[in-house]
There are 2 protein chains.
Amino acid sequence: MATNTDLETIRRTQIITAALAKLSEAGSFEVTLDDIARAAGLSKGGLAHYFSSKEELVRAAFREFFDRIFLRSKETMDRCPDPVSKLLSFSWLYNWDDPDVNLGYPLLFDCMALAARDPEYRALFHDWVRSWIVLLEEAVHEGIKRGVIPKCDPSGKAKAISAIYHGIALRWYLDRESHSTEWAVRSFTEAITRLVQNIPKKR
Amino acid sequence: MATNTDLETIRRTQIITAALAKLSEAGSFEVTLDDIARAAGLSKGGLAHYFSSKEELVRAAFREFFDRIFLRSKETMDRCPDPVSKLLSFSWLYNWDDPDVNLGYPLLFDCMALAARDPEYRALFHDWVRSWIVLLEEAVHEGIKRGVIPKCDPSGKAKAISAIYHGIALRWYLDRESHSTEWAVRSFTEAITRLVQNIPKKR
DNA sequence: GAATAAAAACCGACTGGTAGGATTATAACC
DNA sequence: GGTTATAATCCTACCAGTCGGTTTTTATTC
């Protein structure tokens, strides 16, 4: 028997799941509360019972999704033994068959467009980026300690690696006709590998 | 005395300039035709005389802006003598005091969010990316010919360089509190420099 | 070089539809 | 029977696009 709180949790997950799907499909401006309510098997009124405004719902949905992606990133990374392979463990970001990928990129683009103007969304984006960077930073740090990565500023390096993934993802997703998956994987591998190599002696 | 066509050109530029400002400010979904009309010193009706729909106007504005940025990129690049410095000539993208920068990023984010769903905008994005890549590709090619860049696939390399710029720009613009301009410049310089260096011998 | 006709540019009120939020009604449950 | 959950309406604001009409410009004619 579901207690009060249980039902609330269930409903909220239901709604957020539906919201994520619809948001991904249509974008935060074009999606309507009715769309989301219907997709969640509720009416608008029912939805209003759990989320008092569209803003609130949308933000909750984004936050939920970013958390999910972060967790997944962490798990994937943890399965890699050595630091460098950890840094290169994000190739799942470039897989058309992955449901998170198909759902996620439109959401991410939306979030960025919102973040370009709205400080609240900027904070959301910041948090997400931050968690990702911390993850990478640890790996860089470990790599330095083990001597497989040359001494450097781990934080700056982690940010650069993260940004490279992001930049390549952008192109891969939005301009797929000229940016193949092979290109994406090859490019991030090469760029990141070189970024954590010793600088070659002067020619 | 202005001929027919002259006035039309003037007005269209007027409108597009106003549209770009307003689009950058508010985003394509939140901006209204009235806003743009007013900013252009026209009424809604007057605006309708030149652009038959919001869609059309927005797209024209984006296209115009991307053209402008491309031209600027080209000019900046052409002023660099050697191939590698050409590849590194985009540091103006990370300058808060640049008006194109302040205007441009919100536009770019909007365009990407639109492109994530709408093929028309995807085509726009594609064209812009393409022009940029061609520019970089030429420099890479020249570098290979001159022997300052190791043999490689110039197109793939150009795409990677371009994506790196873009990725770093993203972070720099959206998460400014943890991504300084110094970080941005240092990171793209390092990443791209390494990307066009000879691979160091095995350790 | 006026006078007039024709066309282009422009205005602003109106319309139809939409969507977010609020209110009210109803069902379920303790 | 009162509290919670949900549905069904309603209200209001907003906005893209339209359209009749007005002003301004251009062309034409005498």
Side-chain angles (χ1 to χ4, degrees), chain A residues 1-62 110-111 113-114 117-118 120-121, chain B residues 1-62 110-111 113-114 117-118 120-121:
Chain A
M1 17 98 206
T3 74
N4 244 346
T5 340
D6 276 345
L7 178 61
E8 171 144 5
T9 312
I10 289 169
R11 283 279 180 277
R12 288 182 86 95
T13 332
Q14 227 174 50
I15 292 171
I16 285 194
T17 306
L20 283 173
K22 288 294 161 185
L23 275 170
S24 174
E25 214 178 288
S28 65
F29 289 102
E30 282 165 308
V31 87
T32 71
L33 289 179
D34 220 45
D35 287 343
I36 296 174
R38 257 192 245 267
L42 282 175
S43 75
K44 244 172 67 169
L47 199 158
H49 182 72
Y50 295 97
F51 294 93
S52 59
S53 78
K54 189 182 180 181
E55 260 293 295
E56 191 193 325
L57 169 56
V58 169
R59 237 177 348 236
F62 276 131
D110 247 45
C111 181
L114 290 164
R117 284 140 194 137
D118 184 337
E120 299 257 17
Y121 283 97
Chain B
M1 19 86 209
T3 74
N4 240 346
T5 340
D6 277 345
L7 177 61
E8 172 145 4
T9 312
I10 289 168
R11 282 281 180 278
R12 289 181 85 96
T13 330
Q14 228 173 50
I15 293 171
I16 286 193
T17 306
L20 283 174
K22 287 295 162 186
L23 275 170
S24 174
E25 214 179 290
S28 65
F29 288 101
E30 282 165 307
V31 88
T32 71
L33 289 180
D34 219 45
D35 288 342
I36 296 173
R38 259 192 243 267
L42 281 175
S43 72
K44 240 173 73 168
L47 198 158
H49 183 72
Y50 294 97
F51 292 93
S52 58
S53 79
K54 189 181 180 181
E55 261 293 296
E56 192 193 326
L57 170 55
V58 169
R59 226 156 19 217
F62 276 133
D110 246 45
C111 181
L114 290 164
R117 284 141 194 137
D118 184 337
E120 299 257 17
Y121 283 97

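Remember, predicted model here, so these are calculated numbers, not experimental data. So you know, we letter chains A, B, ... as the sequences are listed, proteins then strands, and number each from 1. Just the heavy atoms: all of them, side chains too, but no hydrogens, waters or symmetry mates, feed the values below.
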Determine whether a donor-acceptor pair (N or O, by modelled atom type, separation under 3.5 Å) exists between the side chain of B/Arg117 and the backbone of A/Ser24. yes
Compare side-chain N and O positions of A/Tyr50 against OP1 and OP2 of D/dT6 and report whether any pair is under 4.0 Å apart. yes
A/Phe29 versus A/Leu114: any side-chain heavy-atom pair under 4.5 Å? yes
Whole angstrom is fine here: how far is it from CG in A/Leu33 over to C1' in D/dC11? 16 Å
Is there a donor-acceptor pair under 3.5 Å between the side chain of A/Asp110 and the backbone N or O of A/Gly27? no
Please report the distance, rounded to the nearest Å, between CD1 in B/Ile36 and P in D/dG17. 11 Å
Using a 4.0 Å heavy-atom cut-off, does A/Ser52 contact any base of the nucleic acid, only the sugar-phosphate backbone, or nothing at all? nothing
Counting any heavy atom closer than 4.0 Å, what does A/Thr32 reach on the DNA or RNA strands: base, sugar-phosphate only, or nothing? sugar-phosphate
5'-most by nearest nucleotide on DNA chain D - A/Ser43 or B/Glu55: A/Ser43
Atom CZ of B/Arg11 to atom P of D/dT24: distance rounded to whole Å? 13 Å
A/Phe29 CZ to D/dC14 C1', in whole Å, measures 15 Å
Any salt bridge between B/Lys22 and B/Glu25, counting N to O under 4.0 Å? yes
On the nucleotide D/dA5, are OP1 or OP2 found under 4.0 Å from the side-chain N or O atoms that A/His49 carries? yes
Using atom CG of B/Leu42 as one end and atom P of C/dA9 as the other, report the distance to the nearest whole Å. 12 Å
Whole-Å distance separating the CD1 atom of B/Ile15 from the P atom of C/dA9: 11 Å
Taking the side chain as every heavy atom from C-beta outward, state whether A/Lys44 and A/Thr32 have any atom pair closer than 4.5 Å. no
Interatomic distance where CG belongs to B/Leu47 and C1' belongs to D/dA16 [whole Å]: 11 Å
Donor-acceptor pair under 3.5 Å, B/Lys44 side chain vs D/dA16 base: yes
Can you see if the side chain of B/Lys54 gets near the phosphate of D/dA16 - specifically, an N or O under 4.0 Å from OP1 or OP2? yes
Rounding to a whole Å, what distance do you find between A/Asp34:CG and D/dT9:C1'? 12 Å
